[in-house]
Every structure is written in C-alpha cells, then in structure tokens.
Student: 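I'd like to ask some things about the structure below.
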Amino acid sequence: MGRLIRKLLLFFPVLLCSFLVYYIPLKRWHTRPRASEYEESWLDVQKERKLVLRYICEKYKLHRNSSLPDPSVAKMMYVEHKHKLIYCEVPKVGCSSWKRIILLLKMNMTSNYFELSNEVVHSRQSFEILSSFPRDRQRQLLSSYTKVMFTRHPFERLVSAYRDKFLRNRQNKYYIKTMAELIKSKVSKSKNSTGPVTFLEFVHFILDENPKYSDTHWKPMSSLCDPCNIHYDIIGKFKKLKEDSDQVLRSIGASKDFRYPFIIEPSTQTSSNIKKTYFSNLSTQDVLSLMKKYYMDFMLFDYPVF
C-alpha cells in the first residue's frame, strides 16, 4: 500500500502538468469569447478602416473647408432621432434592409420587418433626410448623432447593380425600358439593337457618362457619402454586413433582441466568382478605365482590385 501511494505521489506532478497542458487549452477552445472580446476586436477593425481612410484623404487632399456636406450628399443621409442615427445610403450595399431597420427604430418596433411594404421602404416620404433640415440644424445633427455608412467591393457592387436593374427586376420600367433605351442609343453599334442591355454596353455607358448625373446605383461610394469630409463613426463592409450591422444597433442603444435581418435578394448575391465571370468579357482597357473611375473607392475603403 505504501509503495502504491509513493508511485501516485511520484506521478502526480506529471498528471497535473498533463491536465494543465491539454485540458485547459481544450476548454478555452470550446468556450466562446466573451462579448467584450468581440467588441474589442470589432473596435480594432473600425480603427484600422478609419485610419486607412484618413490617410488616403490626406494623401490626395480630399478635405473641404465647409463643415456641411454637399446637397447631393445630404440627400443620401437618413436621420433617425430616437437613437440619434444618421445613415448614408449606398445602393447595392444592403440599403433596403437598413431603411427597414430605420423605420422600425422610428416606430419603436411596433411593426414586423416583413410587414413593411416595398412601397413604404422605397418612398423617401417615409424618412427624414438630412438635406431637408436648415443648415444650422444639419451641422448640429452631424456633430451629435452616430454617423454610419456601408461599403462594398466596387466591382461586385457594379455587377450587382447591372444584374438587378437590367436582368432580374423586370417590373422596374425605368431601368428595363427608359434607361435601357438610353444606353442602347449611346453605345450600341446597331441602332435597332434589341434584347437586354449587355454588361459590356452597361460598362461603356458608365465610362462615357457625365459623373455629375451618374445613377446612385453605380455612382462611386466616395461621391455618394463623402467620407473625407463627413467623419463617420462606423464604416461597415458588405462581407461583414450582419456582424457590422448588429454592432451598429448595439452602439446606438437599440433593443438587444433587435438584430439585422440577414436576407439578401438574388440580385445582390454577387460573389467574387460571379464578378470575375462578368469581367472576363471586358477588354483590359475597359477594366483599367473602370479602375480609374472607382479608384478612390478602392483606396479609401481598402479593397484589392481582384
């Protein structure tokens, strides 16, 4: 019996070390990080995004003297007073879902996400827009509310806009008929060309159009929201849309049960592979011209070209 006890005492340090080396890391691996750890990591990402943006703004001298946004930018900014939120709309970056969220926040969650009709969501009369306020009030709101914008890879956003407006959304007569006829008349080699607008025609139209009159669905994100002069508190990205959106909701004090409804329409599901498929049909010169057009989007929001 004494010999057995001595053996156990001899091997006890070995057993203890084995427990510390194998069991504790395994337990840590199976345990989810605390919420604060997620938040710290997310805040670090936000700092990095804003650091890159600030560096590019300074490098290219993109700052203006005015403390107020250009009217064309102010009209893209949705104001929600109860949670002191200003959201800059960037089409094809989850904006429809975010407009639904703003309406629900405004209504204190008295309605369900799916009860809001598309007509209500896409009607600007349903919202308060920054451009509708006097200039002094605009300045006050911008200095005291949480300002948010979301970005997406410029070429993925471009392909998503094309697929949505000219291939899938057959009910939208403006794009299917009016805009399609305009594009065909400007870039098609055949005046009597029929059928849907091709991606090549779409690209050539974009490259030739006056940037001042560019449609918001493919207008550069940097032009839509002017991030060098509006200091956004949160910059979300489409690839992290749900995570970033949920963090925005927590930041503005929304109900803990209220989460971003991660529902993506087929037209927005433009993956990297789909993007490459469309771009494979473009000439090198076309791609270079598009890179030039969206250059600041790539730089400011730190996106690789491919």
Side-chain angles (χ1 to χ4, degrees), residues 49-50 52-54 56-57 60 62-64 66-80 85-102 121-124 126-133 138 141-142 145-162 164-165 174-175 179 202-203 205-207 209-241 244-245 248 267-268 270 290-303:
R49 290 175 185 173
K50 286 186 273 191
V52 170
L53 190 148
R54 193 159 54 244
I56 298 300
C57 291
Y60 291 91
L62 300 176
H63 297 292
R64 292 185 293 104
S66 175
S67 60
L68 287 174
D70 186 86
S72 65
V73 175
K75 73 178 184 180
M76 302 301 295
M77 307 188 80
Y78 292 70
V79 181
E80 199 281 309
L85 171 69
I86 295 178
Y87 164 76
C88 186
E89 178 188 13
V90 179
K92 311 316 301 171
V93 191
C95 64
S96 294
S97 292
W98 257 104
K99 286 191 281 189
R100 278 184 159 82
I101 286 174
I102 291 171
V121 171
H122 293 292
S123 170
R124 292 181 72 82
S126 302
F127 303 90
E128 289 191 79
I129 309 299
L130 187 66
S131 59
S132 66
F133 293 93
Q138 287 186 35
L141 293 171
L142 287 168
Y145 281 24
T146 299
K147 299 171 291 298
V148 177
M149 74 171 292
F150 281 80
T151 70
R152 186 178 189 176
H153 189 286
F155 287 172
E156 284 186 15
R157 178 172 171 254
L158 188 66
V159 173
S160 178
Y162 167 72
D164 180 32
K165 300 305 176 187
Y174 172 74
Y175 289 97
M179 183 60 76
F202 174 63
V203 166
F205 173 77
I206 288 174
L207 293 175
E209 74 175 340
N210 186 334
K212 185 177 179 180
Y213 304 108
S214 182
D215 188 286
T216 59
H217 290 86
W218 50 83
K219 189 173 184 176
M221 297 175 285
S222 51
S223 300
L224 287 171
C225 294
D226 193 13
C228 287
N229 296 291
I230 298 173
H231 303 295
Y232 290 93
D233 301 285
I234 299 174
I235 300 173
K237 292 205 172 184
F238 189 76
K239 283 198 172 182
K240 294 288 185 179
L241 185 57
D244 285 347
S245 295
V248 171
S267 60
T268 67
T270 302
L290 285 173
M291 287 171 58
K292 182 178 179 181
K293 182 178 181 66
Y294 293 98
Y295 180 73
M296 293 317 307
D297 279 0
F298 283 108
M299 298 295 289
L300 288 167
F301 307 120
D302 197 20
Y303 285 106

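The basis for the numbers below is simple: all heavy atoms, side chains too, and nothing from hydrogens, waters or symmetry mates. Predicted model, so just to flag it, every value in this text is computed and none were measured.
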Student: Would you indicate whether the side-chain heavy atoms of F150 and F238 approach each other to under 4.5 Å?
Tutor: no

Student: Centroid separation under 6.0 Å, is that true for the rings of Y162 and W218?
Tutor: no

Student: Is a donor from one side chain sitting under 3.5 angstrom from an acceptor on the other, for Y175 and D215?
Tutor: yes

Student: Taking the side chain as every heavy atom from C-beta outward, state whether F133 and L141 have any atom pair closer than 4.5 Å.
Tutor: yes

Student: Using the test side chain to side chain contact (heavy atoms under 4.5 Å, CB included), find all partners of S123 that sit at least two apart in sequence or belong to another chain.
Tutor: Q125, S126

Student: Can you find a heavy atom in the side chain of I230 that is under 4.5 Å from one in the side chain of C88?
Tutor: no

Student: Atom SG in C225, atom CE in M149: separation rounded to 0.5 Å?
Tutor: 4.0 Å

Student: State which residues pass side chain to side chain contact (heavy atoms under 4.5 Å, CB included) with K99; sequence neighbours excluded, sorted by chain then number.
Tutor: Y78, E89, V121, H122, F127

Student: Do L85 and W98 have side chains that get closer than 4.5 Å, going by heavy atoms?
Tutor: yes

Student: Give, for atom CG of L158 and atom NE2 of H217, the distance between the pair rounded to the nearest 0.5 Å.
Tutor: 12.5 Å

Student: Can you pull out every salt bridge (Lys or Arg N to Asp or Glu O under 4.0 Å) where at least one residue sits in residues 224-240? Sequence neighbours excluded, please.
Tutor: R64-D226, K147-D233

Student: If every non-hydrogen atom of L224 is compared with every non-hydrogen atom of V73, which pair is closest and at what distance?
Tutor: O-CG1, 3.5 Å

Student: Any side-chain heavy atom of S72 within less than 4.5 Å of one from K212?
Tutor: no

Student: I'd like to know if the side chain of T151 pairs up with that of Y303 as donor and acceptor (distance under 3.5 Å, no hydrogens or angles considered).
Tutor: yes

Student: Take R157 and D164, measure what salt bridge (Lys or Arg N to Asp or Glu O under 4.0 Å) needs, and give me the verdict at the end.
Tutor: CA-CA 10 Å; R157 178 172 171 254; D164 180 32; over 6 Å; no

Student: Does Y60 have any side chain to side chain contact (heavy atoms under 4.5 Å, CB included) partners at least two apart in sequence or in another chain, and if so, which?
Tutor: I56, L62, Y295, M296, M299

Student: Check disulfide (SG to SG under 2.5 Å) between C95 and all other residues, then give those that pass, not counting sequence neighbours.
Tutor: none

Student: Verify side chain to side chain contact (heavy atoms under 4.5 Å, CB included) between M76 and T216, making sure each step is shown before the conclusion.
Tutor: CA-CA 9 Å; M76 302 301 295; T216 59; 4.2 Å; yes

Student: Tell me, with the steps shown, if Y174 and M179 meet side chain to side chain contact (heavy atoms under 4.5 Å, CB included).
Tutor: CA-CA 6 Å; Y174 172 74; M179 183 60 76; 3.3 Å; yes

Student: Which value, rounded to the nearest 0.5 Å, describes the distance between L53 atom CG and F301 atom CZ?
Tutor: 6.0 Å

Student: Under a 3.5 Å distance rule, please check whether S245 uses its side chain to pair with a backbone N or O of L241 as donor and acceptor.
Tutor: yes

Student: Would you compute the distance between atom CD1 of I235 and atom CG of D244 and round it to the nearest 0.5 angstrom?
Tutor: 10.5 Å

Student: Before we go on, tell me: are the rings of F298 and H153 under 6.0 Å apart, centre to centre?
Tutor: yes

Student: If I take atom CD1 from residue I86 and atom CD1 from residue I102, how far apart are they, to the nearest 0.5 angstrom?
Tutor: 10.5 Å

Student: For a 4.5 angstrom cut-off between non-hydrogen side-chain atoms, does D302 reach R49?
Tutor: no

Student: Please evaluate residues Y232 and K50 with respect to the criterion side chain to side chain contact (heavy atoms under 4.5 Å, CB included), reporting the C-alpha separation (whole Å), side-chain torsions for both, the decisive distance (0.1 Å), and the verdict.
Tutor: CA-CA 8 Å; Y232 290 93; K50 286 186 273 191; over 6 Å; no

Student: Identify, with sequence neighbours excluded, every residue that meets side chain to side chain contact (heavy atoms under 4.5 Å, CB included) alongside S131.
Tutor: A74, K75, I129

Student: To the nearest 0.5 Å, how far apart are CG in L300 and CE in M221?
Tutor: 9.0 Å

